[in-house]
Number of protein chains: 2
Amino acid sequence: MDYFNEIGELGLGSRLKRLSDRLMSDAQSVYTEFELPIQPKWFSLLAMLRAKHSVSVVDASERLGLSQPALSQFCRQLLDEKLIELAADDKDARKKIMQLSAKGIVVLENVQPVWAGVEKAAIELSKEEGNDFYQAVLAFESSLSRKSLLERTKEHLQATKNEEIVFLPFEKKLSSFFNVINTEWVEDMFVLEDIDKKVLQQPEENIIKQGGHIWFAKHALYGIVGTCALLKTGEGEFELTKMGVLSSMRGQKIGEKLLQYVIEQAKAMKVKKLYLLTNKKCESAIHLYEKLGFVHCEKIMQTYGGHYERCNVAMRYQSNT
Amino acid sequence: MDYFNEIGELGLGSRLKRLSDRLMSDAQSVYTEFELPIQPKWFSLLAMLRAKHSVSVVDASERLGLSQPALSQFCRQLLDEKLIELAADDKDARKKIMQLSAKGIVVLENVQPVWAGVEKAAIELSKEEGNDFYQAVLAFESSLSRKSLLERTKEHLQATKNEEIVFLPFEKKLSSFFNVINTEWVEDMFVLEDIDKKVLQQPEENIIKQGGHIWFAKHALYGIVGTCALLKTGEGEFELTKMGVLSSMRGQKIGEKLLQYVIEQAKAMKVKKLYLLTNKKCESAIHLYEKLGFVHCEKIMQTYGGHYERCNVAMRYQSNT
DNA sequence: ATCATTTATATAATCAATTATGTAAATGAT
DNA sequence: ATCATTTACATAATTGATTATATAAATGAT
């Protein structure tokens, strides 16, 4: 079964690639079948030389929409086959003017009937289902040259790009995000321990069902890009933990907005004690905690510091209102 | 200026290639612009994994219309990026079942909005000129799968393939054929001498204007494939010379038909003496001459043999009627 | 059960294009 | 007139796919 039917217009590029490969390979077979002494890749250049008599390398590359090195190579190959000859330009000594040799003229004349057959077949194919595929291609190309796919895509996405971050509460289907976003930064700074894996892989069991909370930061364009949890460690006592932002999205204040949101939620829930345990290596995080109202606290360290191997910093939220 | 507009449907394959390259490169730019951590070439596989959950390598290659090694490589690359995981098949230990990893699921979710933007842009582009380009592509694909371009081309050419050879008298625009066809075999057997070049490059001056004749054999499918000249060397005296058939067309009795035709023409012109000068190396040609009524002749050798450096065989046509 | 054939995947070699870069000639601003 | 920039082309390195081929597992005929 053909999967491209299921992804629709989104797969148009790959689909066209497949289509053109099919046509090109059929053309290749025609050349083989009728033992024509030319390669299909030369086709457009040879057709042009037949009609226009002479072109320079760069000129041809522009007209055919191929790179200059590609034409430079065709030129050499056709020279080897003696199908073309080079002439100098009167005004510009850098230019190489390609033109058909006597042999080239003869070969092309003789290839003509086969090309005519391919053309008839292509026209038949193009018109078979009522509409004219060839005309549709021309129309599509002209739409494309008015405004490229990239520009159009950007326009469609621009609107969403600057939308605010929104925050979502835990849902089962978001579990993977909690795991992946945290795994990324923990592995980056420490070694992922078994206790980490357990919590990250089963956040529902280990956080939510224990009375804790998890939130996610969602960007309109990039989806879920950050997460943060509150682990319940006693009545009205919560440890802020597993806060992370995708590395590709850092530097956009997403962490700050997320932390702010979590603090607001904690306040709304009338949390009595909000604290966190971390490590000196996490400098930028600590800087952020300090900025939003967490203060270093020896008492917290003594009470909870032992829970984690890598803990050497403990902070408590100090409401400044 | 775009040369493809001038060659029409014949250039459809190359044109579609260019079009798909443009779309793919735009897609590439979208990925770069929005810093998505996936490569465009993975797109169709990832889209499939997102929808279908799991596929084997060969299964995916068939559904996507790519080769198995291509999918095998995508599989490795996606494994390196940790976007997929491999599972074993219960029944077949050879199979590798690909499925998205937790990271893969997260990345794909986050890529989703961008894909949606590309899709919107593609739909817009496809429908901009009234008709629906996407639908036209589907229709074209279905026509193609009913009967390929190759099959259709063969059908169109089959009719002409078995048509008879026809013979044409000299025309200025056919000069190149006289030159190229003869140059090919002469260079193959001997060294092309200055006298050869002169006659071949200017057949009108050196043969026609001297009262001689040139004919060409034309194949319906392959065009001009053979040529032969009668050089006037006296009143009612003609030397049969410069007879050649394109090497790619040998073994199809074209030489025989051509020689037969030239002999008929000579008879119709009431030629008194028809002879030829050649070299022992040209065995198959000599065999043909003998078959059609030429006999070895010492007198011809003495009279005309000195004209050519490489002449060591002389023959005269002996009408057998 | 055994052996030949087929199937699933991997690896190597190849191909047709690209991008990046270098060289020489032409252009154009000072 | 001179020098920096641009243009035309060539060459090297790279990419993204292919075809050809090898290996191991499964299938199926005897």
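In what follows, chains carry the letters A, B, and so on, assigned in the order in which the sequence lines appear, proteins first and then strands, with residues in each chain numbered from 1. Computed over heavy atoms, backbone and side chain alike; hydrogens, waters and symmetry mates excluded.
- Judged by distance alone, with hydrogens and angles left aside, the side-chain atoms of B:Q73 form no donor-acceptor pair with the main-chain N or O of B:A70 at under 3.5 Å.
- Taking both residues in full, the closest heavy atoms of B:K120 and A:H156 are given as CD-ND1, 3.6 Å, listed atom of the first, atom of the second, then distance.
- The listed nucleotides are C:dA26, D:dA10, C:dT9; the one nearest the side chain of B:V58 is C:dT9.
- A straight line from CG of A:L45 to P of D:dC9 spans 13 Å, rounded to a whole angstrom.
- The CD atom of A:Q77 sits 11 Å away from the C1' atom of C:dA17 (whole-angstrom rounding).
- Taking 4.0 angstrom as the limit, B:K91 places none of its side-chain polar atoms (N or O) nearer than this to OP1 or OP2 of D:dA25.
- In this structure a side-chain-to-backbone donor-acceptor pair under 3.5 Å is present from B:T183 to B:N179.
- Heavy atoms from other residues, nucleotides or ligands lying under 6.0 Å from NZ of A:K103 number more than 12.
- Along DNA chain D, the nucleotide closest to A:R76 and the one closest to A:D92 are compared, and the more 5′ of them pairs with A:D92.
- B:D26 has its CG atom 16 Å from the C1' atom of C:dT18, to the nearest Å.
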For nucleotides 16-20 of chain D, list the nitrogen or oxygen atoms of the protein found under 3.5 Å from its nitrogen or oxygen atoms, one pair per line.
residue, atom, partner, partner atom, Å
D:dG16, OP2, B:K41, NZ, 3.3
D:dT18, OP1, B:S67, N, 3.4
D:dT18, OP2, B:S67, N, 3.3
D:dT18, OP2, B:S67, OG, 2.3

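- Residue A:S72 has no polar side-chain atom (N or O) positioned under 4.0 Å from OP1 or OP2 of D:dC9.
- The nucleotide C:dT30 finds its pairing partner in D:dA1, both defining distances of the Watson-Crick or G-U wobble pair being shorter than 3.5 Å.
- Here C:dA10 presents its C1' atom at 17 Å from NZ of B:K95, a figure rounded to the nearest Å.
- For a distance-only test at 3.5 Å, the side chain of A:R94 qualifies as a donor-acceptor partner of the base of C:dA25.
- With sequence neighbours excluded, no residue forms a side-chain hydrogen bond (donor to acceptor under 3.5 Å, both in side chains) with A:S101.
- Shown here, C:dA17 forms a base pair with D:dT14; the pair counts as Watson-Crick or G-U wobble because both key distances fall under 3.5 Å.
- By the 6.0 Å contact criterion, CZ on A:R76 is open, its count of non-hydrogen atoms from other residues, nucleotides or ligands being 12 or less.
- Checking B:E9 against A:S126 by side-chain atom types alone, no donor-acceptor pair falls below 3.5 Å.
- Distance B:E62 CD to C:dA8 C1': 10 Å, rounded to the nearest Å.
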